[in-house]
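Below is one structure, written out as structure tokens; the observations come after it.
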There are 2 protein chains.
Amino acid sequence: MIEQRIRNKAFLDKIISSEAASLLIKDGMTVGLSGFTRSGDAKVVPLALADRVQKSGEKLKINLFTGASIGDEVDGVLAEAGLIHKRLPFQNERKMRNKINAGEMLFIDQHLSHTAEQLRNGFLPPVDVAILEIVAITEDGQIIPSTSVGNSSIFAALASQIILELNVAQPLGLEGLHDIYEPGMRGQRQPIALTSVDQRIGTPYIKIDPDKVAAVVVTEKSDSTSAIKAPDEETEVMAGHLIEFFEHEVKKGRLPRSLAPLQSGIGSVANAVLHGFLKSDCTDLEVYSEVLQDAVFDLMDAGKVKFASACSITLSPERAADVIPNIDKYRDRILLRPQEISNHPEIIRRLGLICINTAIECDIYGNVNSTHVMGSNMMNGIGGSGDFARNALLGVFVTKSTAKDGKISSIVPFASHVDHTEHDVDLIVTEQGLADLRGLAPRERAKVVINNCAHPLYKDALLDYYNSAVKRGGHTPHLLEEALAWHAKYLQTGSMK
Amino acid sequence: MIEQRIRNKAFLDKIISSEAASLLIKDGMTVGLSGFTRSGDAKVVPLALADRVQKSGEKLKINLFTGASIGDEVDGVLAEAGLIHKRLPFQNERKMRNKINAGEMLFIDQHLSHTAEQLRNGFLPPVDVAILEIVAITEDGQIIPSTSVGNSSIFAALASQIILELNVAQPLGLEGLHDIYEPGMRGQRQPIALTSVDQRIGTPYIKIDPDKVAAVVVTEKSDSTSAIKAPDEETEVMAGHLIEFFEHEVKKGRLPRSLAPLQSGIGSVANAVLHGFLKSDCTDLEVYSEVLQDAVFDLMDAGKVKFASACSITLSPERAADVIPNIDKYRDRILLRPQEISNHPEIIRRLGLICINTAIECDIYGNVNSTHVMGSNMMNGIGGSGDFARNALLGVFVTKSTAKDGKISSIVPFASHVDHTEHDVDLIVTEQGLADLRGLAPRERAKVVINNCAHPLYKDALLDYYNSAVKRGGHTPHLLEEALAWHAKYLQTGSMK
């Protein structure tokens with residue numbers, strides 16, 4: 001059985017327990033884990049490490065680098081145990097978030113395509129140990145990732161030591177879905193040849209130096225499943241606005257009926273909006289994204305999406321139980337790539353993607369906050385939204401117009417943190433409506449954003465702010481002494497009203 | 001004489017006066033002008049238009065699209081005459097700026113690589129008339145641009161009508177310096193083959209449909225010269241900080257002695273910093289930028305820079321008098337490209353550029369405002385800084401630590417407008433010092449920015465703000481009710497002190 005998975009016998013001798021493998025991790029090390037949006041993450045060795053340190057009471061802190069978020073359990077346990085000095089480039093776990101916001105651990109919120117580049121150039125601490133989940137080791141000693149690629153290939157290339165978590169709970173059918181490409185150093189690289197979503201440019205395995213493999217740990221721990229909420233009435237309305245917009249663009253000849261390859265960010269709202277395509281007339285859709293969520297598989301099953309490229313598959317428990325064991329069914333319609341390829345500006349710009357990402361708040365001029373609640377507290381991170389939005393054919397941001405039962409307006413006079421500048425934001429969609437900001441100057445943008453997207457509860461106050469600001473003048477009129485007053489009021493009273 | 005310039009006889013019949021040509025421009029039209037950073041701009045027809053309208057009193061408003069800024073005279077006259085409904089993607093003329101900030105004309109502040117893409121996709125009003133400065137028309141009816149390429153090739157491709165301003169004051173020696181490449185529609189294009197700064201990928205001329213050429217106007221009006229200030233003591237100190245940093249990176253093996261291709265933004269400070277390389281040990285430098293200012297020619301003359309690619313040449317009067325007539329001297333060391341190629345994310349990321357751009361202000365976490373004075377008033381525009389910084393090997397922002405005789409701190413608690421998010425800012429340099437932000441989390445960034453870059457006048461107040469904010473907590477600690485108080489105070493009292 002295990003020989004089916006470990007086809008190069010030399011690796012059989014490297015099998016040890018997760019506890020033994022965890023001993024390779026020393027205080028002060030930088031550890032690179034496989035994993036992207038909870039899937040394909042290394043699980044048992046990090047948990048064994050936490051267990052060991054908690055039992056022994058030894059002092060140990062590591063830098064933890066991943067693809068994006070990993071399973072709640074691993075990030076939660078490591079954060080709670082106080083084992084992390086610095087984490088990058090993304091997380092979305094409650095206990096970790098609390099530690100970050102309390103200043104008890106450091107977090108670098110990074111464009112997901114940047115991490116590999118910065119590692120290659122030595123701008124980040126070098127990776128001492130890579131812990132990578134795989135489904136198999138090939139005859140010639142190459143490794144097959146599982147449900148995500150993330151940063152695994154760059155970690156494998158640069159780490160001093162590699163620990164492999166061979167996960168027998170992940171089906172062997174995943175083999176062949178990956179397309180691993182290493183662009184090489186900036187300044188010395190060739191164009192990335194990818195010109196269509198379904199094109200293979202690399203190998204179905206990650207190439208490794210077998211001498212660096214210090215341990216193989218056999219595991220059968222499943223991926224954390226998606227915490228994404230199902231579409232609700234409001235997200236369905238939002239999807240409707242967007243589909244209507246696309247239909248109009250098709251009618252005007254600005255988009256073909258197959259639109260353009262779609263990217264959809266991590267999160268319930270973006271997923272729900274994608275789900276809305278089920279009701280559209282669109283066919284032959286393509287997806288070029290960082291993560292494939294439930295919606296993409298639903299659209300494939302419905303014959304709407306013909307091909308999907310990403311760097312991970314993250315599903316709800318129900319969908320995972322159906323899709324992952326039967327992954328063969330999607331074999332010819334899916335590719336998983338390293339995140340620097342799924343999120344590469346070169347490819348995003350060339351393919352001309354429609355990029356749909358979730359905002360926490362938008363200001364009246366179209367600047368978007370994707371990360372910080374009330375300006376200070378990190379939610380998850382920017383993820384790939386910056387890679388995508390700036391290079392998109394259409395940069396779309398979606399958010400419900402209010403949060404916390406109407407106590408927070410998602411459309412604000414001034415964003416309390418800016419992740420996406422107005423230069424990169426073409427459309428804003430709330431359940432109230434859609435603001436098409438293409439070709440508009442700030443004073444035009446403000447009126448469209450307020451009138452189309454703001455909740456009636458806040459519309460008049462936003463117009464008042466805007467009109468008072470205009471009296472004072474400016475290209476982007478503001479009243480700086482009042483600009484953040486809505487947020488300050490919320491922090492003081494619990495409501496922006 | 002004119003036959004040397006107009007080698008296809010059919011075009012001789014199209015020669016008319018600028019006044020006559022200006023009659024082709026009608027109310028409501030969108031006009032695309034050649035010109036990038038004041039150079040190679042269409043001059044006489046727009047001025048004739050303003051003259052005609054002012055004399056006739058007719059009601060006429062146009063949308064004015066260019067490469068970037070054009071000469072002061074043209075933008076100033078058109079703005080003052082009230083002829084512009086909407087302007088994009090960049091300007092830096094005083095009267096126009098005042099009109100924009102007064103809300104008397106509209107301005108779209110756009111990434112300089114985005115305009116061509118948006119035009120191609122029909123996301124902006126179509127260009128009715130392109131007015132392009134050229135130095136020659138070839139035997140087979142193709143056109144040779146002058147001192148800039150800017151958006152001329154996309155305007156020529158998409159405009160319904162073309163007016164050519166054949167400028168005999170621009171030397172014929174400019175012919176052969178251009179490399180015109182059209183990437184094609186997103187979703188249907190091939191990789192852009194450019195892998196080195198000195199590589200030709202296109203043609204030395206802009207291809208046009210001769211039937212669209214409605215007029216040829218012969219002119220001898222010179223380019224506006226650069227308004228850039230010479231380096232001063234403070235900018236020399238800033239250059240020193242940066243050179244020292246680069247030398248350290250070379251020593252650590254993170255950069256070769258030839259560094260990486262340099263981009264330097266429009267503006268006195270960025271130019272002055274580039275000038276600092278004259279005193280460095282660096283050799284065989286390359287430039288891949290949007291504009292070649294005095295510093296690049298000084299560095300070429302000193303044997304420091306071996307090749308420079310850009311989309312325009314903009315020089316001081318003294319340097320222009322020397323360089324432009326003797327452009328042959330630089331023939332093998334310069335290429336001028338369309339701005340979507342000079343600023344293309346694909347190329348910037350592939351080549352791994354060191355990008356040096358000017359900030360108006362930076363917040364303590366490294367978010368940069370490049371455009372808006374006190375949050376509301378447009379200065380010039382983001383230009384190419386967003387194209388470059390996000391895709392850079394190193395994203396460097398330079399600013400003097402104070403402005404207005406110390407009454408404004410360029411390092412502030414909270415940026416009053418954000419053009420570059422902390423994700424894209426690797427280094428901040430003021431005359432006080434250099435903040436190397438690579439691999440730092442926000443709380444680490446704040447200390448380095450304040451301690452290394454802030455002026456002593458403001459350092460304690462910034463530390464006070466930061467320390468108070470930290471007590472409240474957060475990944476990026478802020479006191480939202482005080483965050484913009486420095487700006488509000490300046491607006492009220494004329495000083496942040």
Side-chain angles (χ1 to χ4, degrees), chain A residues 86 100-103 106-111 121-125 186-187 189-193 195 254 260 345-346 349-352 367 372 374-378 382 386 390-391 393 416-419 421 423 438-439 441 443-444 470 472-478 480-481 483-484 487-488 491, chain B residues 86 100-103 106-111 121-125 186-187 189-193 195 254 260 345-346 349-352 367 372 374-378 382 386 390-391 393 416-419 421 423 438-439 441 443-444 470 472-478 480-481 483-484 487-488 491:
Chain A
K86 193 174 275 184
I100 291 167
N101 289 326
L106 295 167
F107 175 54
I108 302 182
D109 174 27
Q110 203 165 51
H111 297 302
N121 284 102
F123 294 170
L124 292 170
R186 284 179 278 187
R189 66 175 56 152
Q190 291 302 306
I192 301 170
T195 54
R254 286 191 288 261
E346 172 172 340
R349 182 77 164 250
R350 183 184 301 148
L351 297 180
N367 298 287
H372 284 69
M374 298 296 143
S376 298
N377 283 335
M378 172 55 61
I382 192 168
R390 179 154 302 170
N391 299 298
L393 178 77
S416 64
H417 182 90
V418 175
D419 293 294
T421 67
H423 315 281
R438 292 174 299 168
R443 289 174 184 230
E444 297 174 301
V470 163
R472 210 179 277 178
H475 175 61
T476 305
H478 271 301
L480 292 188
E481 73 284 6
L484 291 167
H487 300 85
L491 289 172
Chain B
K86 194 174 275 185
I100 291 167
N101 290 325
L106 296 166
F107 175 54
I108 302 181
D109 174 26
Q110 203 165 51
H111 297 302
N121 284 101
F123 295 168
L124 292 170
R186 285 179 280 186
R189 65 175 58 153
Q190 292 301 305
I192 302 170
T195 54
R254 286 191 287 261
E346 172 171 342
R349 183 76 164 251
R350 182 184 301 148
L351 297 180
N367 298 288
H372 283 70
M374 299 297 143
S376 298
N377 284 334
M378 173 54 61
I382 191 169
R390 178 153 302 170
N391 299 298
L393 177 77
S416 64
H417 181 91
V418 175
D419 293 293
T421 67
H423 315 279
R438 292 174 300 169
R443 289 175 185 229
E444 297 173 300
V470 162
R472 210 178 280 177
H475 176 60
T476 305
H478 271 301
L480 292 187
E481 73 282 7
L484 291 167
H487 300 87
L491 289 171

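Side chains included, hydrogens not; waters and symmetry mates left out as well; all remaining heavy atoms used.
- Among A/Arg438, A/Gln190, A/His423, the residue making the largest number of heavy-atom pairs under 4.5 Å with chain B is A/His423.
- Closest of all the heavy-atom pairs between A/Ala102 and B/Arg443 is C-NH2, 3.9 Å.
- A side-chain donor-acceptor contact under 3.5 Å links A/Glu346 to the backbone of A/Ile192.
- Across B/Glu444, B/Met374, B/Glu481, B/Arg472, the residue that shares the most heavy-atom pairs under 4.5 angstrom with chain A is B/Glu444.
- When each of A/Gly439, A/Ala488, A/Ala483 is scored by its heavy-atom pairs under 4.5 Å with chain B, the top score falls to A/Gly439.
- Atom CZ of B/Arg254 and atom CG of A/Asn121 lie 10.0 Å apart (nearest 0.5 Å).
- Contact record, B/Pro191 with A/Thr195: CD-CG2, 3.5 Å, taken as the closest heavy-atom pair.
- Shown here are the ring pair (Phe, Tyr, Trp, His ring centres under 6.0 Å) partners of A/His478, two or more places apart in sequence or in another chain: A/Tyr365, A/Phe414, A/Tyr465.
- Comparing A/Gln110, A/His487, A/His111, A/Met378 by how many heavy-atom pairs each has under 4.5 Å with chain B, the most go to A/His111.
- The heavy-atom pair separating A/Asn391 from B/Pro345 by the smallest distance is OD1-CG, 3.4 Å.
- Every ring pair (Phe, Tyr, Trp, His ring centres under 6.0 Å) that A/His417 has, sequence neighbours left out, goes to A/His372.
- Interface summary for chain B: among A/Asn367, A/Val470, A/Thr421, the most heavy-atom pairs under 4.5 angstrom belong to A/Thr421.
- There is no contact between A/Ala260 and chain B, counting heavy-atom distances below 4.5 Å.
- With chain A as the partner, the residue from B/Ile382, B/Leu393, B/Asn377 showing the most heavy-atom pairs under 4.5 Å is B/Leu393.
- Put simply, of A/Arg350, A/Arg189, A/Lys86, the one with the most heavy-atom pairs under 4.5 Å next to chain B is A/Arg350.
- Of the possible polar contacts, one joining the B/Arg390 side chain to the A/Gly386 backbone as a donor-acceptor pair under 3.5 Å is found.
- In terms of heavy-atom pairs under 4.5 Å with chain B, the best-connected choice from A/Gly375, A/Gly473, A/Gly352, A/Ala441 is A/Ala441.
- Of the listed residues (B/Ile100, B/Leu491, B/Leu124), the one with the most heavy-atom contacts under 4.5 Å to chain A is B/Ile100.
- For a residue to count as touching a neighbouring chain, one of its non-hydrogen atoms must lie under 4.5 Å from one of that chain's; by this rule A/Arg349 touches chain B with backbone and side chain alike.
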